[in-house]
Amino acid sequence: MRHFLSEWDVTKDEFLALINRGSEYRAQWESGTLEPLAKRHTMAMIFEKSSTRTRVSFEAGMAQLGGHAINLSPRDTQLGRGEPVEDTARVLSQMVDIIMLRTFSHDIAERMAESASVPVINGLTDLLHPCQMLADMQTFMEKVGSVEDKVVAWIGDGNNMCHSYINTANLLGFNLRIACPDNHQPDEGLLERGSERAKRVESAAEAAEGADLIVTDVWASMGQEDEQAARAVVFQPYQITDDIMALAKDSAIFMHCLPAHRGEEVTEAVLEGPQSVVWEEAGNRLHAQKALIEFLLAEAET
Ligand code: CP
Ligand code: NVA
């Protein structure tokens with residue numbers, strides 16, 4: 001059974017094909033010509049953390065493909081009362097065609113995939129956010145072109161999004177410069193595996209110099225709310241400002257997976273400025289994930 005828990009779960013060719021298909025779905029959406037899939041499929045969506053984009057893009061995407069998505073929160077399912085994730089996976093596999101899970105430890109997503117007999121999609125764990133990567137790369141290719149050998153600056157926290165950028169730099173072949181405060185560096189194992197394309201640099205300015213894409217994310221991720229105030233101090237030199245954008249190429253674009261905290265990791269001027277593509281990036285979650293759902297359902301039938 002094929003799952004999508006990490007960028008490494010697909011080949012480079014498959015990742016690029018998903019992006020192309022995502023762009024086709026975007027064009028069909030814009031022209032009102034989107035055709036549903038031949039079969040009606042059902043998705044179970046498990047959210048152990050909050051979500052706006054992931055929830056709406058998967059639910060709307062399943063509706064547009066002629067299927068249905070069921071939202072499950074631990075508060076009102078037996079998962080929240082201690083039913084093992086393995087049992088939940090086996091039960092859901094009897095009832096739905098595909099599962100999407102947003103959770104804390106990546107291990108929970110892996111355990112769910114091991115016990116499920118339908119595809120499992122990672123809708124964000126503490127370690128990775130691969131669905132956002134599909135949307136980010138689709139947006140880059142629509143706006144700029146091939147990402148191969150381009151320079152991408154990751155500035156901010158060495159978090160799940162940073163890890164996904166490290167994986168994708170190596171899968172697709174772009175050069176990633178990572179500027180994070182000392183105690184907020186990305187996972188060493190992931191960085192070592194991705195060291196051919198991903199390198200740590202000393203400052204936000206060094207990362208941004210001549211870059212094609214500047215990316216950041218919140219300074220305190222979900223589950224780190226109590227560190228918010230302390231982080232706001234340590235991360236201040238990593239804020240994306242007009243000065244940082246000015247160091248990048250004139251053609252550079254700015255991305256953020258959202259939600260954004262204006263005045264923290266990014267200024268209002270950059271977020272709302274001409275180089276920001278964050279709204280298209282968010283919109284592409286819908287289209288990239290329809291491509292992913294279609295791909296995984298087709299793989300499951302072979
Ligand atoms: N970017 C993203 O995954 O947003 P949500 O938390 O709103 O799903
Ligand atoms: N790094 C953020 C991403 C939110 C989409 C978090 O995990 O909260």
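Numbering of ligands and ligand atoms starts at 1, following listing order.
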Taking non-hydrogen atoms only, is R285 closer than 4.0 angstrom to ligand 1 via side chain, backbone, both or neither? side chain

Which ligand 1 atoms are under 4.0 Å away from a heavy-atom of [X]?
{"X": "L258", "result": "1 (N), 2 (C), 4 (O)"}
{"X": "T52", "result": "5 (P), 7 (O), 8 (O)"}
{"X": "R102", "result": "2 (C), 3 (O), 5 (P), 6 (O), 8 (O)"}
{"X": "C257", "result": "1 (N)"}

the protein heavy atom lying closest to atom 4 (O) of ligand 1 turns out to be R53 NE, 2.8 Å

The closest protein heavy-atom partner of atom 8 (O) of ligand 2 is M222 N, 2.8 Å

What part of N160, side chain from CB on, backbone N/CA/C/O, both or neither, has a heavy atom under 4.0 Å from ligand 2? side chain

Backbone, side chain, both or neither: what part of L124 comes under 4.0 angstrom of ligand 2, heavy atoms only? side chain

Tell me whether L128 shares a hydrophobic cluster with M222, the cluster being built from Ile, Leu, Val, Met, Phe, Trp, Tyr side chains joined at under 4.5 Å. no

Using 30° and 60° as the class limits, which term best fits the ring planes of Y165 and W154: parallel, tilted or perpendicular? tilted

Side chain or backbone, does S221 bring an N or O within less than 3.5 Å of an N or O on ligand 2? yes

Is there a polar contact between ligand 2 and D217, counting only N or O atoms under 3.5 Å apart? yes

Interatomic distance, N159 atom CG to Q185 atom CD [nearest 0.5 angstrom]: 12.0 Å

I'd like to check whether M222 has a polar contact with ligand 1, where a contact means an N/O of the residue lying under 3.5 Å from an N/O of the ligand. no

Are any of the N/O atoms on R55, whether in the backbone or the side chain, positioned under 3.5 angstrom from an N/O atom of ligand 1? no

When you measure from the heavy atoms of L258 to every atom of ligand 2, does any distance fall below 4.0 Å? yes

Looking only at non-hydrogen atoms, find the nearest pair between I98 and I121 and report the distance. CD1-CD1, 3.9 Å

Pairing donors with acceptors under 3.5 angstrom, does anything connect the side chains of [X] and [Y]?
{"X": "R197", "Y": "N170", "value": "no"}
{"X": "Q64", "Y": "Y25", "value": "no"}
{"X": "H256", "Y": "E281", "value": "no"}

Would you say L124 touches ligand 1, if touching means a heavy atom closer than 4.0 Å? no

Per salt bridge (Lys or Arg N to Asp or Glu O under 4.0 Å), D212 is matched among K249, R177, K143 by K249

Can N160 and D126 be said to form a side chain to side chain contact (heavy atoms under 4.5 Å, CB included), step by step? CA-CA 6 Å; N160 44 11; D126 290 345; 5.6 Å; no

